[in-house]
There are 2 protein chains.
Amino acid sequence: MTVSRVLRNRGDVSDTTRTKVLAAAKALGYVPNKIAGALASNRVNLVAVIIPSLSNMVFPEVLTGINQVLEDTELQPVVGVTDYMPEKEEKVLYEMLSWRPSGVIIAGLEHSEASRAMLKAAGIPVVEIMDTDGIPIDAMVGISHRRAGREMASAILKAGYRHIGFMGTKMPLDHRARKRFEGFTEVLAKNGVEIEDRAFYSGGSALAKGREMTQDMLSRSPELDFLYYSNDMIGAGGLLYLLDQGIDIPGQIGLAGFNGVELLQGLPRQLATMDACRLEIGRRAAEIIAAQLSDPPDPVETKVVLAPTIAYGDTLKRR
Amino acid sequence: MTVSRVLRNRGDVSDTTRTKVLAAAKALGYVPNKIAGALASNRVNLVAVIIPSLSNMVFPEVLTGINQVLEDTELQPVVGVTDYMPEKEEKVLYEMLSWRPSGVIIAGLEHSEASRAMLKAAGIPVVEIMDTDGIPIDAMVGISHRRAGREMASAILKAGYRHIGFMGTKMPLDHRARKRFEGFTEVLAKNGVEIEDRAFYSGGSALAKGREMTQDMLSRSPELDFLYYSNDMIGAGGLLYLLDQGIDIPGQIGLAGFNGVELLQGLPRQLATMDACRLEIGRRAAEIIAAQLSDPPDPVETKVVLAPTIAYGDTLKRR
DNA sequence: CAAAGGTTTGTTCGCGATAACATCGTGCCC
DNA sequence: GGGCACGATGTTATCGCGAACAAACCTTTG
C-alpha cells in the first residue's frame with residue numbers, strides 16, 4: 001500500500017520511505033500494472049479517439065491538438081481508425097469501450113444505430129468532432145461543412161465565375177465532403193448556376209489524380225472557368241497542371257480546394273481554400289473532455305461551432 | 001461463466017443458451033470489461049507501436065502496414081508518439097508497458113539506457129523498425145540508412161555531379177537522417193568530393209522550406225550542380241522553385257530526396273529518391289510479433305534487412 | 001438399466017492494484 | 001505522565017473477469 005501511495009503521489013508518505021521505495025522500484029525495474037490499477041480504482045484515464053483515417057493529413061493535425069491539451073492532464077488518447085466504414089467504426093468503438101475509457105472523441109455526427117446506443121450507454125463524455133451539421137449525442141466541436149460549401153460558392157460567384165466543375169473523392173460515406181458539396185450546389189442553384197462537370201477518384205496519389213482529372217475535365221469541358229476541389233491535395237495537382245499548361249490563373253480559370261493544408265504554402269501559387277480549423281477542433285474537443293472529467297466538472301461550452309475562414313490565395317479573383 | 005464463454009467463443013456452449021446469452025447481452029447493452037478480463041487471463045492482445053511522429057507521412061504508412069497484418073489476428077495496435085525526444089520515448093514506453101502489451105514495435109535502434117532496460121525486462125517480443133544499422137534488442141526490420149546514403153552518393157557521382165549541396169532537418173535526434181548523411185559523405189569523401197554547402201530547417205511547411213532554402217543556397221553557392229535533400233518534401237519544394245526559375249534539371253542541377261512518398265507522383269517532374277519500404281516494414285514487423293505470439297511460436301526471420309531501391313526519376317542524370 | 005463417456009453448466013479462487021478503514025508512533029499540551 | 005491528534009504505515013475487501021476444476025446432465029452401449 002505504501003508503494004502504491006508513493007508511485008501515485010497520493011496520500012502522505014515520509015520522505016525516507018518514499019526514496020527507499022523509488023530506489024527499490026528502479027532497481028527491480030518495476031512497472032506498475034495499470035490493468036489492475038484501473039480495475040481497482042475504476043479509473044482509466046484513457047480517451048478513445050476514433051477517426052476515419054490517418055493517411056489524410058487532416059486527422060493527424062486534429063490528434064496534435066488533442067495531444068497538446070491532454071498532455072497537461074493525466075488523460076491519454078488512444079486512437080482507433082475506421083477507414084470511413086460504419087461497421088468498422090462500430091467494431092472499433094466496441095473494442096475501445098470495452099477498455100472503459102474516460103471519454104470518447106469521435107469524428108462525425110453520423111453513426112450506426114448500434115454505435116449511437118453504445119455511446120449513449122457508456123455514461124462518459126462524448127465529443128463528436130469535425131462537423132456541426134446535425135444533432136450531437138452529447139458535445140460537438142467543428143465547423144459547418146454546409147456553410148463552408150455555401151461560402152465558397154458565394155465567393156466564386158461573386159468573383160464572376162459561372163462555369164464550374166467539381167472534383168472530389170469517391171467516398172459516399174464521407175459525410176463532410178457530401179455536406180460541403182450540398183452547400184456548394186445549393187448556393188449555385190439559388191443563383192441559377194449548375195455544376196457543369198464533375199469527377200471522382202479513389203486511391204492513388206491525390207496530387208497525381210488532381211493532375212489527371214483536371215486534364216481530363218478540361219479536355220472534356222473546355223468552357224469551364226472554375227474548378228472546385230474537395231480537398232487541397234487534388235487542388236494542388238490541378239494547379240500544378242494548369243501552371244504547366246501556361247493557363248492564366250485566376251483569370252482564365254479559377255481554383256479552390258478545401259482544408260488549408262500546410263503543404264500549400266510551398267506551391268508556386270497559393271491555392272484558394274478554406275481552413276477547417278483542425279488543430280483548434282482537436283484542442284477544444286480535448287478541453288471539453290478534460291473539463292467534464294475534472295472534479296467538480298468545469299462548465300464548458302459543449303456545442304462549439306467554429307467559423308471556417310476563406311483564404312483567397314492567388315487562384316480566386318477578388319472583387 | 002457461461003456468459004464469458006459465449007462472448008469469447010471459447011469452450012462448448014449449447015446453441016440455445018448461446019442465443020439466450022447474446023440476446024440478453026444485446027438487450028442490456030452489455031460491453032465486457034476488458035480490463036478485468038486482461039487482469040484475470042494475463043492476456044492483453046495489445047501491441048504497443050512507438051513512433052517519433054505522425055505528421056510525417058512516413059509513419060502513418062508504417063502503421064497501415066502493421067494494421068493490415070494485425071487485422072487478421074486478435075492483436076490490436078496502440079500508438080504512442082515520441083516527437084523524436086528520448087525522454088518522451090521513455091515516458092511513453094513506460095506508460096505503454098504498464099498496460100502490459102503483448103508486444104512492442106518501436107522505431108529506431110537508439111534508445112535511452114532505461115528504455116532498453118524496460119524493453120529487455122518486459123519479456124515480450126520487441127521489434128525495432130526502420131533502421132538496421134545497429135544491434136537490436138530482439139528483432140529488427142528496416143533498411144540500412146547508411147547504405148541508402150552511400151548508394152545515392154554513388155549514383156550522383158556516377159552521373160558526373162561534383163559540386164554537391166545538402167539540405168535537411170535540424171534534428172540531431174533523427175538518427176536515421178544522420179546515418180544517411182554519414183553514408184552519403186563517406187562515399188563522397190572516398191571519391192575526393194566534399195559537400196560544399198549545407199542548410200538545416202525546422203518547423204513550417206516542408207515544401208515552402210525547400211523552396212526558400214534552395215533559393216538561399218543557390219544564391220550563396222551558385223557553383224553547385226547537385227542538391228541532396230534529406231526528405232522528399234523539401235526536395236519537392238526545391239524542385240518547384242528550380243522549375244519556376246527555368247533551370248535545366250537534371251542538366252544544370254540535379255536533385256534527389258529520400259523516402260519515395262506518393263506525393264511525388266503528382267509533381268511536374270519525378271524527383272529522384274529512394275524508397276524506404278515503409279509499408280513493407282510495418283507488415284514484416286507485425287508478422288514477427290504475430291508469429292512469436294502464436295502458440296507454438298512460428299519460426300520467423302527476426303533480423304530483416306530490406307533493400308532500398310533508388311528511383312532516378314527525372315532529376316538525376318543516368319549514364 | 002447401469003455404467004461409461006461426453007457435453008454443458010456451475011463454483012471457487014486469484015489476477016494486481018486501490019478504497020476504506022485500522023493501527024502504530026511520535027510529539028505536544030495540559 | 002496521560003491523553004490526544006495527526007502523520008505514517010498496515011489490513012482487508014473488492015474491482016470483473018477467466019482458469020481450473022467440479023458437478024450436473026445427456027447419450028450411448030453392452
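Just so we're clear, the structure is a prediction, and the values are computed from it rather than from any experiment. Hydrogens, waters and symmetry mates are skipped; everything else that's a heavy atom, side chains included, is used. Chain identifiers are assigned alphabetically (A, B, ...) following the order of the sequence lines, protein sequences preceding nucleic acid strands; residue numbering begins at 1 within each chain.
Within a 6.0 Å radius of NZ in Lys303(A), more than 12 heavy atoms belonging to other residues, nucleotides or ligands are found. Crowding of Lys88(B) atom NZ: a count of heavy atoms from other residues, nucleotides or ligands under 6.0 Å exceeding 12. For Leu28(A), the CG atom is densely surrounded, since the number of other residues' heavy atoms within 6.0 Å is greater than 12.
For Met1(B) and dG10(C), the CE to P distance is 11 Å, given to the nearest whole Å. The nearest whole Å value for the distance from the NZ atom in Lys20(B) to the P atom in dT9(C) is 8 Å. Between the CG atom of Asn42(B) and the P atom of dA19(D) there is a distance of 10 Å, rounded to whole Å. Separating the CZ atom of Arg43(B) from the P atom of dG14(C) is a distance of 19 Å, rounded to the nearest angstrom. Here the P atom of nucleotide dT9(C) and the CZ atom of Arg10(B) are 18 Å apart, to the nearest Å. Remark: P of dC17(D) and CZ of Arg100(B) are 21 Å apart, rounded to the nearest angstrom.
Contacts between residues 28-41 of chain B and DNA chain C, counted as heavy-atom distances below 4.0 Å, involve Leu39(B), Ala40(B).
Applying the 4.0 Å criterion to OP1 and OP2 of dT7(C), one finds that Ser14(B) has every side-chain N and O outside that range.
Between Glu110(B) and Arg116(B) there is no salt bridge, since none of the side-chain N atoms of the basic residue sits less than 4.0 Å from a carboxylate O of the acidic one.
Judged as a salt bridge (charged side-chain N to carboxylate O under 4.0 Å, His left out), and not counting sequence neighbours, Asp275(B) has no contacts.
Both Arg8(B) and Asp12(A) lie near DNA chain D, and the one whose nearest nucleotide falls closer to the 5' end is Asp12(A). Map Arg5(A) and Thr17(B) each onto its nearest nucleotide of DNA chain C; the residue landing nearer the 5' end is Thr17(B).
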* Mind running side chain to side chain donor-acceptor pair (under 3.5 Å) on Glu90(B) and His111(B) for me, showing each step along the way? => CA-CA 8 Å; Glu90(B) 211 171 298; His111(B) 314 289; over 6 Å; no

